[in-house]
Colleague: 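Encoded as structure tokens, here's the structure I'll be asking about.
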Amino acid sequence: MAEIVLMRNFSNPDSHTLNAYRASGGYAAWDKAREMEPAAITEEVKKANLRGLGGAGFPTGTKWSFIPRAHTGPVYLVVNADEGEPGTFKDRYLLERDPHALIEGMLIAARAIRCTKSFVYIRGEYVEPWRRFSAAVKEAYDAGLLGRGFDVVIHRGAGAYICGEETGLLSSLEGKKGWPKIKPPFPAIKGAFGQPTIVNNVETLACVPPIITRGAEWFAGLGTKTQGGTRMYSVSGRVKKPAVYEAPVSITLRQLIATAGGVSGTGRLKAVVPGGGSAAILTADEIDVAMDVDGLKVAGSMIGSAGVIVMDESVSIPEALMVLARFYAHESCGQCTPCRESTGWIYKMVHRIVERRGHKDDLDTILDVAKRGAGTTICAFYDGAVGPYISYIEKFRSEFEALIPHA
Amino acid sequence: MTDGAPSTSNRTPAVQAALVDPAAIVSFSEAQLGEVRRLQSLYPDPRGALLPVLHMAQETFGYISLEAEEYVATLFDLSPAHVHEVVTFYTLYFRERPGRHVVAVCHNLSCHLAGAPGIIAHVKQKLGIDPGETTEDGRVTFLAVECLCACEAAPMAQVDDRYELNLTPEKIDRLLEGLR
């Protein structure tokens with residue numbers, strides 16, 4: 001039986017309360033970390049091989065170490081709770097069912113980066129998660145865990161996928177539209193309100209207390225050579241038991257689908273999105289792949305936010321791409337021309353293909369437009385759209401062609 | 001029309017509403033202004049409180065009219081254009097008065113695979129309106145929205161503050177009947 005770390009408290013109906021969290025050993029990691037040197041905390045997280053679980057997979061301890069040592073002004077910790085990647089719902093569970101795990105992770109991270117103020121950016125649609133997390137923050141203030149050298153401000157978003165991109169999030173936090181910013185400077189050098197800032201995902205921070213309590217070696221040992229720990233896989237689509245599943249990051253996609261009860265619908269697998277809507281699609285014979293950052297990279301896709309969307313043989317791949325293309329057209333922030341123009345244009349083309357009004361050269365045009373724009377924009381949003389555009393068409397081209405008159 | 005007076009018919013519905021709707025004449029109470037100052041004090045630059053204060057404005061006035069934008073701009077010493085740019089960027093700010101209830105059905109991939117198109121068609125038929133529209137009696141605004149991140153319980157919708165999961169036509173009927 002694999003170890004359950006992040007979801008260890010979920011079966012307790014009171015898991016969101018401070019009492020229940022303390023009763024299960026909560027805040028012991030903070031008690032330990034407050035006696036540690038900040039650099040020692042960062043070192044421990046580095047050795048644990050913790051990698052960002054929001055999408056980019058960057059090594060967390062390394063990110064923390066980028067805060068300039070000579071900086072004497074404020075440093076901010078910004079929690080990215082703007083969950084929005086299609087097929088992902090893990091942070092919602094953490095915010096609702098174990099908010100103190102996040103608060104404890106924040107306390108420890110703040111000590112590591114010498115930060116006294118944190119902003120938690122929660123997507124605006126997440127009303128219940130926001131209520132639960134706010135109640136937990138109040139409990140933590142009342143108990144003296146917060147407010148003694150470390151403050152937490154909860155900031156609600158207002159509906160924009162791009163604010164999950166860390167620099168878009170910072171623009172939004174600063175009271176602007178959520179336009180991403182050019183990097184460098186990276187947020188660790190010049191982030192929120194112009195100050196050095198660490199932006200971490202909810203689940204990433206929830207991993208920190210167990211690392212401190214049980215040690216970096218234990219955490220690293222749960223995973224692969226380049227990524228430690230377990231993570232929460234959101235599994236949805238055509239599976240018998242859609243849910244969030246925690247597993248070591250070495251689990252294969254095939255094992256994960258079996259864990260979720262196997263393929264529903266026709267029972268025969270056609271394709272899988274392994275890491276949220278922006279991950280390149282995998283075919284049924286590409287699922288013997290490890291679900292860690294590097295395993296998916298080797299497979300030509302990405303683990304992203306670990307949102308797994310399963311498609312059985314009855315699913316129309318062109319229709320699935322149309323749904324995603326509509327999403328990218330809607331959510332492009334409009335700042336960079338290639339993204340703003342291509343997402344709309346490509347949606348139009350995929351849409352007319354699905355409606356059997358496609359033009360003979362639409363598929364090649366989509367591939368050409370997608371490839372030309374990749375890597376030319378300020379943020380990773382457009383590259384995230386290009387992954388699906390190219391992989392869906394290249395791997396299932398005949399299915400698209402069958403819909404195009406005179407193709 | 002000879003002296004340059006603009007024809008009202010050229011104005012967008014939002015502009016017209018802002019001009020004629022008495023509810024669009026906006027201001028916060030003293031207590032709310034205190035809350036605005038408290039929110040502004042939480043950020044290194046008070047402007048950080050713009051989104052939270054716009055949420056307050058929407059809760060208070062029902063939607064964000066052009067007058068509300070101008071009013072909020074004065075509270076931040078910002079140009080109304082900046083506030084307008086922010087309001088129009090995000091999907092959760094309504095620029096016209098929404099219905100008393102908002103039914104937002106997810107149409108992204110996991111919900112699509114679980115039958116969202118049928119759910120959307122069912123709501124359309126029940127309410128007699130398309131996504132983006134409000135029923136004539138002002139009861140319901142119907143939206144089709146992007147991923148709300150409850151894919152394990154697809155198809156789903158947000159009805160006002162609540163997530164309604166594992167939708168079926170029957171469940172939709174019950175939900176809609178409960179909205180007054």
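These numbers come from the heavy atoms of this one structure, side chains and all, not from hydrogens, waters or symmetry mates. Residue numbers begin at 1 in each chain, while the letters A, B, ... track the order of the sequences. Bear in mind the structure is a predicted one, so any value in this text is a computation, not a measurement.
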Colleague: For each of B/Glu146, B/Gln158, B/His82, B/Arg47, tally heavy-atom pairs with chain A at distances under 4.5 Å, and name the one with the top tally.
Modeller: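 Most pairs with chain A among the choices: B/Glu146.
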Colleague: When heavy-atom pairs shorter than 4.5 Å are enumerated against chain B, which of A/Gly175, A/Ala158, A/Gly87 gives the highest number?
Modeller: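 Answer, by heavy-atom pair count under 4.5 Å with chain B: A/Ala158.
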Colleague: With no hydrogens and no angle check, just 3.5 Å: does a side-chain donor-acceptor pair link A/Thr167 and A/Glu165?
Modeller: yes
Colleague: With only heavy atoms counted, which part of A/Glu125 is less than 4.5 Å from chain B, the side chain, the backbone, both or neither?
Modeller: both
Colleague: Any idea which of A/Ala243, A/Gly178, A/Gly307 has the most non-hydrogen atom pairs under 4.5 angstrom with chain B?
Modeller: A/Gly178
Colleague: Which bit of A/Phe327 is near chain B, if near means a heavy-atom gap under 4.5 Å: side chain, backbone, both or neither?
Modeller: both
Colleague: Counting only non-hydrogen atoms closer than 4.5 Å, does B/Phe76 touch chain A with its backbone (N, CA, C, O), its side chain (CB onward), both, or neither?
Modeller: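 For B/Phe76, neither part sits under 4.5 Å from chain A.
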Colleague: Looking at chain A, which one of B/Leu148, B/Val86, B/Asp45 has the largest number of heavy-atom pairs inside 4.5 Å, strictly under?
Modeller: B/Leu148
Colleague: Look up atom CD1 in B/Ile129 and atom CZ in B/Phe142, then write down how far apart they are to the nearest 0.5 Å.
Modeller: 7.0 Å
Colleague: Which bit of A/Leu324 is near chain B, if near means a heavy-atom gap under 4.5 Å: side chain, backbone, both or neither?
Modeller: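 Looking at A/Leu324, just its side chain touches chain B.
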Colleague: So which atom in A/Tyr389 and which in A/Ala325 form the shortest heavy-atom distance, rounded to 0.1 Å?
Modeller: CE2-CB, 4.1 Å
Colleague: If you take all heavy atoms of A/Ala279 and A/Val273, which pair is closest and at what distance?
Modeller: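 Between these two residues, the closest heavy atoms are O-CG1, 4.3 Å.
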Colleague: Ignoring hydrogens and geometry, is there a side-chain-to-backbone donor-acceptor pair from A/Glu399 to A/Ile317 under 3.5 Å?
Modeller: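 Such a contact is found between A/Glu399 side chain and A/Ile317 backbone.
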Colleague: Below 4.5 Å from any heavy atom of chain A, which atoms of B/His107 appear? Answer side chain, backbone, both or neither.
Modeller: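 Both parts, backbone and side chain.
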Colleague: Shorter than 4.5 Å, heavy atoms on both sides: which option in A/His330, A/Arg156, A/Glu83, A/Arg326 has the most such pairs with chain B?
Modeller: A/Arg326
Colleague: Checking heavy atoms, do the side chain of A/Glu85, its backbone, both or neither come under 4.5 Å from chain B?
Modeller: backbone
Colleague: At a heavy-atom separation under 4.5 Å, does A/Val239 approach chain B through its side chain, its backbone, both, or neither?
Modeller: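 Neither; nothing under 4.5 Å.
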Colleague: Kindly compute the distance separating OG (A/Ser332) from CZ (A/Phe381), expressed to the nearest 0.5 Å.
Modeller: 5.0 Å
Colleague: Between A/Lys90 and chain B, with a heavy-atom cut-off of 4.5 Å, which part of the residue counts as in contact: side chain, backbone, both or neither?
Modeller: neither
Colleague: Between CD of A/Glu319 and CG of B/Leu113, what distance do you get to the nearest 0.5 Å?
Modeller: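 That separation rounds to 8.5 Å.
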Colleague: Before accepting this row, confirm whether a basic side-chain N of the pair B/Glu35/B/Arg38 lies closer than 4.0 Å to the acidic partner's carboxylate O.
Modeller: yes
Colleague: Under 4.5 Å from any heavy atom of chain B, what part of A/Ser172 do you find: side chain, backbone, both or neither?
Modeller: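 It is both, since atoms from each part get that close.
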Colleague: Name the member of B/Leu54, B/Leu51, B/Leu78, B/Leu39 that forms the most heavy-atom pairs with chain A at distances under 4.5 Å.
Modeller: B/Leu51
Colleague: Answer yes or no on whether A/Arg123 is positioned over the face of A/Tyr126, meaning its NZ or CZ is under 6.0 Å from the six-membered ring centre and within 45° of the axis.
Modeller: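 Pair A/Arg123/A/Tyr126 counts as cation-pi.
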Colleague: Does any backbone or side-chain atom of A/Tyr76 lie under 4.5 Å from a heavy atom of chain B? Answer side chain, backbone, both or neither.
Modeller: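 The side chain, not the backbone.
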Colleague: For A/Cys333, is it the side chain, the backbone, both, or neither that has a heavy atom closer than 4.5 Å to a heavy atom of chain B?
Modeller: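 Both the backbone and the side chain of A/Cys333 come within 4.5 Å of chain B.
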Colleague: Counting only heavy atoms closer than 4.5 Å, note whether B/Ala154 contacts chain A via side chain, backbone, both or neither.
Modeller: neither
Colleague: Run the numbers on B/Arg174 and B/Glu177 for salt bridge (Lys or Arg N to Asp or Glu O under 4.0 Å), then give the verdict.
Modeller: CA-CA 5 Å; B/Arg174 283 200 303 278; B/Glu177 277 160 26; over 6 Å; no
Colleague: For chain B, which of A/Glu128, A/Gln195, A/Glu331, A/Lys117 has the most heavy-atom pairs under 4.5 Å?
Modeller: A/Lys117
Colleague: B/Glu69 and B/Tyr93: side-chain donor and acceptor closer than 3.5 Å?
Modeller: no
Colleague: Of all of A/Pro86, A/Pro74, A/Ala160, which one pairs up most often with chain B through heavy atoms under 4.5 Å apart?
Modeller: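 Most pairs with chain B among the choices: A/Pro86.
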Colleague: Do B/His112 side-chain atoms and B/Cys106 backbone N/O form a donor-acceptor pair below 3.5 Å?
Modeller: no
